[in-house]
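Both backbone and side-chain heavy atoms feed into the values below; hydrogens, waters and symmetry mates do not. One-based numbering along the sequence shown.
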Amino acid sequence: MRDFVNATFGSVELDIISQALEEWRTSIGIDRAAPEYEIAAATVVTLFREGNRTLPELQAAISAHQWLSRDAVEMAKVSVHSAGKAS
């Protein structure tokens, strides 16, 4: 628990988190301004703090995370579909 609470992020760590989050965002198709993006960012930081410290480890953790891998995908599909109906 100590590592989780006291984790610090340098430029290398931030690059890993940023790259994983951006790959997730583009694969889902969510805009950076969307509330889901903020939730995803917090979740990715938490996954990193839990010990997924390399890009492959973080990508695997994102893929295994229920909300990031399935629920957010479904929300994005609903949002795109709803936006298309409003036009």
Side-chain angles (χ1 to χ4, degrees):
M1 181 68 163
R2 182 176 169 89
D3 287 344
F4 180 84
V5 173
N6 295 323
T8 58
F9 305 128
S11 61
V12 171
E13 292 84 5
L14 291 174
D15 285 344
I16 291 169
I17 292 167
S18 178
Q19 185 174 346
L21 181 59
E22 186 62 16
E23 288 174 5
W24 174 85
R25 185 192 71 76
T26 56
S27 72
I28 300 298
I30 291 178
D31 189 75
R32 285 187 184 106
E36 296 84 7
Y37 183 73
E38 187 173 337
I39 295 167
T43 304
V44 170
V45 168
T46 298
L47 291 171
F48 185 87
R49 292 175 96 178
E50 288 176 345
N52 303 289
R53 298 295 178 110
T54 67
L55 185 57
E57 289 173 342
L58 194 52
Q59 290 166 327
I62 289 168
S63 293
H65 191 277
Q66 181 177 338
W67 188 83
L68 291 173
S69 64
R70 190 185 77 217
D71 297 343
V73 173
E74 290 304 314
M75 279 191 337
K77 288 178 185 175
V78 169
S79 294
V80 169
H81 185 67
S82 296
K85 283 186 171 183
S87 298

**Fill in**
Taking every heavy atom of S63 against every heavy atom of S69, the minimum-distance pair comes out as O-CB, 3.1 Å
**Prompt:** Does N52 reach the main-chain N or O of L47 with its side chain, forming a donor-acceptor pair under 3.5 Å?
**Reply:** yes
**Prompt:** Can you name the side chain to side chain donor-acceptor pair (under 3.5 Å) partners of E23, sequence neighbours left out?
**Reply:** Q19, Q59
**Item:** Summary of ring pair (Phe, Tyr, Trp, His ring centres under 6.0 Å) pairs that have at least one residue in residues 26-50, sequence neighbours excluded
**Value:** F9-F48
**Request:** Please list, chain by chain and in numerical order, all residues satisfying side chain to side chain contact (heavy atoms under 4.5 Å, CB included) with T54, sequence neighbours excluded.
**Result:** P56, E57
**Item:** Rounded distance (nearest 0.5 Å) linking atom CZ of R53 with atom CG of L58
**Value:** 10.0 Å
**Message:** If the test is side-chain contact (heavy atoms from CB on, under 4.5 Å), which one of I39, T46, V45 qualifies with T43?
**Reply:** I39
**Prompt:** Are E22 and R32 close enough, and set up right, to give a salt bridge (Lys or Arg N to Asp or Glu O under 4.0 Å), and what steps lead you there?
**Reply:** CA-CA 9 Å; E22 186 62 16; R32 285 187 184 106; 2.8 Å; yes
**Request:** List in chain and number order the residues that pass side chain to side chain contact (heavy atoms under 4.5 Å, CB included) with A40, two or more places apart in sequence or in another chain; answer none if no residue qualifies.
**Result:** L21, W24, W67, L68
